[in-house]
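Everything on this sheet refers to the single structure shown next.
These figures come from a predicted structure and were not determined experimentally. Numbers restart at 1 for each chain; the letters A, B, ... are given by sequence-line order, proteins then strands.
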Amino acid sequence: MLEKKYNSKESEKKWQDFWIENNIYKFDINSKKIYSIDTPPPTVSGKIHIGHVFSYTQIEIIARYMRMKGYNIFFPFGFDDNGLPTERLVERKIGKKAHQISREEFNKNCLEITHQYEAEFKELFKSLGFSADWGLIYSTISEKAQKASQKSFLDLYKKDLVYNSKSPSLWCTECKTSIAQAELDTKEVETTFNYIKFRVPELNKDLEIATTRPELLPGCVAVFVNPNDKSKSEFINKEIEIPLFGFKVKILSDDKVDIEKGTGAVMCCTFGDVTDVAWWKEYKLPIKNIIDKNGFISEDIKKYGGLKSQEARKLIIQDLKESGFLIKQEVITHQVGVHERCGTPVEFSVSKQWYIDILNHKSDFIEAGNKIEWYPKNMKARYNDWVENLQWDWGISRQRYFGVPFPVWYCEECGKLILADEKDLPVNPLTCLPKKSCECGCEKFIPEKDVMDTWATSSLTPLINLNWASDEEPENNDFIKKMMPMSLRPNAHDIIRTWDFYTIVKNLYHTGKLPWENIMISGHVMAQKGEKISKRKNNSNMEPENLLKNFSADAIRYWTANGRLGNDILFSEEELRSANKFINKLWNVSKFALMHLEDYDPDKKPELWPMDKYILSKMAKMLRELELNLDKYESGLGLKAFEKFFWEYCDNYIEIVKHRLYNPDIFGKEARESGQEALYQTILQILKTAAIYIPHITEEIYQSFFIKIEKTISIHLTRILDYLSKFEIDESLIKNGDMIIDLISETRKFKSENNISLRAKIKTLELEISTELSEIFDFEKILTDIKNTSNTSEIKIIGCESGYKIKNIVLE
RNA sequence: GGACGGUUAGCUCAGUUGGUAGAGCAUUCGCUUGACGUGCGAGAGGUCAGGGGUUCAAGUCCCUUACCGUCCACCA
């Protein structure tokens, strides 16, 4: 028997512990059917928010579904705990910037703080009923991940797919590191477009140039006009004088110049933007580094050196104005590339960086994308879009501290690059030396100080988790042979261009294989329409910890399961309440069922009454629909089908079977046994189905009764679709049953319209029913059910041509 | 500027291959029915963004316009 009220707080904790103690979600490599999930490791950069709960629960529901379909699930959980986001968290926490303390001290802080956060993350996901195998937990700063990252680097080096080069790279002056194209965000900023007069002495004329960045004037290395711009053709190849600074550069022509934009003449500085970089390369222009790595104008620029670039801009504009060079200013808003981690506009900096060659293999990546099944389909377009528009190789070195080191030294004498030995990995070149001296005989080495970007590691999650970097040769590594490609990569749409893309790159380069067969892309949770969840705004009612105080994990999960794959949804507390309603209803209907199943005998196979057969068949139909949707990872659509069935079941079927369950003395023992059989099968199946969405309450009910008969230790190890081999979908049975339900509904409608109680007795119910219908199946039993559900004393049947109709209702 | 979504009831959203518009919430009326008042029953509420086309038939397919969103490009 179940308690009158369900106590979620007590129950949820109890079953979470039970699952762990009994290894319910343990992965077994020897299973015949394995379903593997490449779980996204949340970035350890702050608190878990509702968006994580949303997308991770969608993943988790799929894991449960696949498990109950009979797969053993490889479902590791991980943390992305190295790299810039983590460093920024730690800097906030300790109140110091990384460069202000020693590297050792800073890294120690990082490890401590990330461990605290990870423990919290793990607790939170556990308390949401996550069915990950917690024995498979991984972290991107772990030794195993470091080893994989370094092995990846060595392998790429061997394959000539990674190189270092001293060239302009995207640079963040706030984080003081280079960054990759994928880490750019755009921000709209208001600025002035400054029209400046440049002197061309040879022609004794002025050329006007418009720029938003006059502080780059001292870095000007050329001026460009469009070759087709007739008004400016006389300027081509002439020398032009830079205002305020007096030095001269050449005027060149290039069709990248937009005649319509500004004045149609552009100054090229090293470096203001991507075009500058392209021109610098193409025309072999010199480099004048104006902005240093901290965002200051370099010291050797007279007057402006040492100023922050913004201050220099102001001062230069003022000076231009005073010297008569500034013709006019326009206020414009434009999009500026900023670093996604800190919002600082990016600069370009010439420095030595490591790159992975991706531009030469774009078509391989597109082809790989085509071989993976994308859910929803249209998300593949984002991937293709990104790959096709790549402009830079993948920069992986960062001038930071807490990350995986490059396993590399340079010979102090000849500068030769020395790689670590694979068997020594992971190594930290800062604290150890190469095992042999350099070919030139020198024994002194300069370690590579840079660390790898976190994506260089997280792009290896399949390889990390499949033990690619173990000492075994890949050919002998059964694990990787059996598990690659993994079944599923799940993540939200914002990291298609990073995590998904980079993982495909790495996997192809290292193994020649696809990392996974399927990819499911979930959406985001929005605070309001069009408003992302943001830490700055007060969204504390949405913080998972607070939600868990006010709602059960099951309710939160139930809400999360709604929504279509790939679509953003709005946070809504009302819908959480409606989840509670469902859970409450499930408890109550189970309570009712268990009350009537105390003497249920599973071995007795009673002759089933028509409406009992009907509900069993209807259930099968719903299950097929559920399967169809969940196989496409559409947990929300699956839930919808289930929900519809469930409420109809409670409101109609239970009302029909009730009288037979309560009154075997009137309707016979067989009538009750038939009802019990249907009740047992349907409630059990309802629980199994609901179990993938709301695992706690379903386990509670299962354990309190069904386990005695079913024997399986946990409902989560039972099979969800076995039902379909026992009960068929009989369309005509369903159609006729639906008609009977309609008919009973009409008697309710009659009572409701007459404002009388539903229990009110009907003296006579006159029904027109076609002979065709009345002969279909066991009609006497149907009449008994109709009569007792509508509380009718007598039914009069009148034959008719087709269908059915209520002719008359006579109340007592 | 490009790509991809979206526009359906007051609100949030479903609508599979074209065949009489659906759910939840909110609202109105009624019902203390032996699981449940966190309940039950009934009702009201929609030119499916606008326009055009294909078709016997279009929310659904095609074209087009407008607006919203996301990602990307545009930083002179």
Side-chain angles (χ1 to χ4, degrees), chain A residues 2 4-5 181 184-187 189 191 193-194 209-213 216 220 223-224 256-258 261-269 272-276 279 332 334-338 345-346 376-386 388-389 391 493-494 496-497 523-524 526 529-530 532 562-564 566-572 574-575 577-596 625 628-629 632 634 636-637 640-641 643-644 647 650-651 654-655 658-659 661-663 745 747-760 791:
Chain A
L2 300 176
K4 190 165 167 49
K5 294 260 180 219
Q181 187 186 349
L184 285 181
D185 260 352
T186 48
K187 198 159 96 181
V189 289
T191 186
F193 209 23
N194 306 283
I209 291 173
T211 179
T212 56
R213 301 197 60 187
L216 294 178
C220 184
V223 165
F224 280 88
K256 281 202 212 49
V257 178
D258 183 344
K261 195 164 178 179
T263 64
V266 187
M267 64 170 187
C268 171
C269 306
D273 64 17
V274 190
T275 321
D276 288 347
W279 281 335
I332 55 163
H334 68 165
Q335 303 283 322
V336 180
V338 298
V346 290
K377 270 201 177 64
N378 62 299
M379 287 296 176
K380 190 166 80 181
R382 291 204 188 188
Y383 172 82
N384 285 343
D385 222 38
W386 177 254
E388 276 157 12
N389 291 310
Q391 310 209 7
H493 51 55
D494 56 334
I496 294 174
R497 64 177 171 159
H524 283 150
M526 310 293 241
K529 201 150 201 166
K532 284 190 193 173
N562 257 298
R564 278 209 71 169
N567 284 9
D568 296 341
I569 66 162
L570 295 189
F571 175 78
S572 149
E574 279 86 63
E575 285 188 38
R577 275 193 275 276
S578 101
N580 271 342
K581 244 181 72 170
F582 180 91
I583 289 165
N584 185 51
K585 190 77 174 175
L586 182 66
W587 185 257
N588 283 315
V589 76
S590 303
K591 204 163 69 183
F592 170 82
L594 265 49
M595 212 162 83
H596 292 285
E625 198 181 334
L628 206 72
N629 284 307
K632 292 186 291 193
E634 291 282 5
L637 297 183
K640 242 180 179 101
E643 243 180 346
K644 185 169 155 56
W647 288 99
C650 293
D651 296 342
I654 293 292
E655 291 305 318
K658 219 175 224 177
H659 65 274
L661 293 170
Y662 276 115
N663 306 303
S745 288
T747 67
R748 292 200 191 108
K749 184 174 171 176
F750 177 84
K751 290 177 186 175
S752 185
E753 278 169 355
N754 288 288
N755 291 353
I756 57 171
S757 160
L758 290 178
R759 217 171 50 155
N791 203 13

(message) Heavy atoms only, 4.0 Å cut-off, all strands: where does A/Phe193 land among base, sugar-phosphate and nothing?
(response) sugar-phosphate
(request) Mind checking A/Ile654 for me? I need base, sugar-phosphate or nothing, with any heavy atom below 4.0 Å counting as a touch. (result) base
(message) What is the distance, to the nearest angstrom, from the CZ atom on A/Arg213 to the P atom on B/C75?
(response) 12 Å
(request) Between B/A58 and B/G53, how far apart are the C1' atoms? Round to whole Å, please. (result) 11 Å
(request) Would you please name every residue forming a salt bridge (charged side-chain N to carboxylate O under 4.0 Å, His left out) with A/Arg213, sequence neighbours left out? (result) A/Glu215, A/Glu347
(request) Can you tell me, in whole Å, how much space there is between the C1' of B/U12 and that of B/G50? (result) 24 Å
(request) Please name all residues satisfying side chain to side chain contact (heavy atoms under 4.5 Å, CB included) with A/Leu2, sequence neighbours left out, ordered by chain then number. (result) A/Trp587, A/Ser590, A/Lys591, A/Leu594, A/Ile701, A/Ser704
(message) Classify A/Trp647 by what it touches in the nucleic acid, base, sugar-phosphate, or nothing, heavy-atom distance under 4.0 Å.
(response) sugar-phosphate
(request) Name all residues meeting the side-chain hydrogen bond (donor to acceptor under 3.5 Å, both in side chains) criterion together with A/Lys640; count only those two or more places apart in sequence or in a different chain, and write none if there are none. (result) none
(request) Measure from the side-chain heavy atoms of A/Lys4 and tell me the nearest of B/C36, B/C74, B/C75. (result) B/C36
(request) Output all residues satisfying salt bridge (charged side-chain N to carboxylate O under 4.0 Å, His left out) with A/Lys644, sequence neighbours left out; order by chain, then residue number. (result) A/Glu648
(message) Under 4.0 Å, heavy atoms only, any strand: does A/Lys261 hit a base, just the sugar-phosphate, or nothing?
(response) base
(message) Between B/U7 and B/C62, how many Å separate the two P atoms, rounded to a whole number?
(response) 15 Å
(request) Would you please name every residue forming a side chain to side chain contact (heavy atoms under 4.5 Å, CB included) with A/Arg382, sequence neighbours left out? (result) A/Met379, A/His493, A/Ile496
(message) For the P atoms, the ones on B/G18 and on B/A73, what distance do you get once it is rounded to whole angstrom?
(response) 38 Å
(request) Ignoring backbone atoms, establish whether A/Gln335 has a side-chain N or O less than 4.0 Å from OP1 or OP2 of B/C72. (result) no
(message) So, using side chain to side chain contact (heavy atoms under 4.5 Å, CB included) as the criterion, who are the partners of A/Pro345 when residues are at least two apart?
(response) A/Val336, A/Val338
(message) So A/Asp273, base contact, sugar-phosphate only, or nothing? Heavy-atom distance under 4.0 Å.
(response) sugar-phosphate
(message) Using the P atom as the point on both nucleotides, what is the distance between B/A9 and B/U47, in whole Å?
(response) 9 Å
(request) Begin from the C-alpha positions of A/Ile569 and A/Asn562 and carry the test side chain to side chain contact (heavy atoms under 4.5 Å, CB included) through to its verdict. (result) CA-CA 9 Å; A/Ile569 66 162; A/Asn562 257 298; 6.0 Å; no
(message) Using the P atom as the point on both nucleotides, what is the distance between B/G19 and B/U64, in whole Å?
(response) 25 Å
(message) Among B/C74, B/G41, B/A42, which nucleotide has an atom closest to any side-chain atom of A/Lys749?
(response) B/A42
(request) Heavy atoms under 4.0 Å is the rule here; annotate nucleotides 17-29 of chain B 5' to 3' with B where the base is hit, S where only the sugar-phosphate is, and - elsewhere. (result) -------SS----
(request) Take atom P in B/C4 and the same atom in B/A23, then report the distance between them in whole Å. (result) 34 Å
(request) Look at all strands and tell whether A/Asp568 reaches a base, only sugar-phosphate, or nothing, counting heavy atoms closer than 4.0 Å. (result) nothing
(message) For a 4.5 angstrom cut-off between non-hydrogen side-chain atoms, does A/Gln181 reach A/Asn389?
(response) no
(message) Taking any heavy-atom pair under 4.0 Å as a contact, classify A/Glu655: base, sugar-phosphate, or nothing.
(response) base
(message) By the 4.0 Å heavy-atom rule, please label A/Val189 as base, sugar-phosphate, or nothing.
(response) nothing
(message) Just to be sure I understand the rule, does A/Glu634 reach a base, reach only the sugar-phosphate, or reach nothing, if contact means heavy atoms closer than 4.0 Å?
(response) nothing
(request) Could you measure between the two P atoms, the one in B/G51 and the one in B/A66, and give it in whole Å? (result) 15 Å
(request) Have a look at A/Cys268 and say if it touches a base, only the backbone sugar-phosphate, or nothing, with a 4.0 Å heavy-atom cut-off. (result) nothing
(message) If you only use heavy atoms from C-beta on, which nucleotide in B/A42, B/U70, B/C75 is closest to the side chain of A/Val346?
(response) B/C75
(request) Counting heavy atoms from C-beta on, name the nucleotide in B/A14, B/U70, B/C31 closest to the side chain of A/His493. (result) B/U70
(message) Using modelled atom types and a 3.5 Å cut-off, is there a donor and acceptor pairing between side-chain atoms of A/Asn754 and backbone atoms of A/Ile756?
(response) no
(message) What contact category does A/Arg577 fall into here, base, sugar-phosphate, or nothing, at under 4.0 angstrom with non-hydrogen atoms?
(response) nothing
(request) Only counting residues at least two apart or in another chain, list the ones meeting side-chain hydrogen bond (donor to acceptor under 3.5 Å, both in side chains) with A/Gln335. (result) A/Glu188
(message) Return the CG to CZ distance between A/Asp385 and A/Arg497, rounded to the nearest 0.5 Å.
(response) 11.5 Å
Polar atom pairs between nucleotides 1-9 of chain B and protein, under 3.5 Å, N or O only, would you list them?
{"unit_1": "B/C4", "atom_1": "O2'", "unit_2": "A/Asn378", "atom_2": "ND2", "d": "3.0"}

(message) Under 4.0 Å, heavy atoms only, any strand: does A/Lys585 hit a base, just the sugar-phosphate, or nothing?
(response) base
(message) Which nucleotide wins on minimum distance to the side chain of A/Asn580, given the candidates B/C72, B/U38, B/G15?
(response) B/U38
(request) Report which part of the nucleic acid A/Ser572 touches: base, sugar-phosphate, or nothing (heavy-atom distance under 4.0 Å, all strands). (result) nothing
(message) Please verify the inter-ring angle class for A/Phe582 with A/Trp647; under 30° counts as parallel, over 60° as perpendicular, anything in between as tilted.
(response) perpendicular
(request) Could you tell me which residues satisfy side-chain hydrogen bond (donor to acceptor under 3.5 Å, both in side chains) with A/Glu655, sequence neighbours excluded, listed by chain and number? (result) A/Lys658
(message) Can you list everything that forms a side-chain hydrogen bond (donor to acceptor under 3.5 Å, both in side chains) with A/His596? Sequence neighbours excluded, please.
(response) none
(message) Under 3.5 Å for both pairing distances: what stems, at least three Watson-Crick or G-U pairs long, include RNA chain B?
(response) B:1-7 with B:66-72, B:10-13 with B:22-25, B:27-31 with B:39-43, B:49-53 with B:61-65
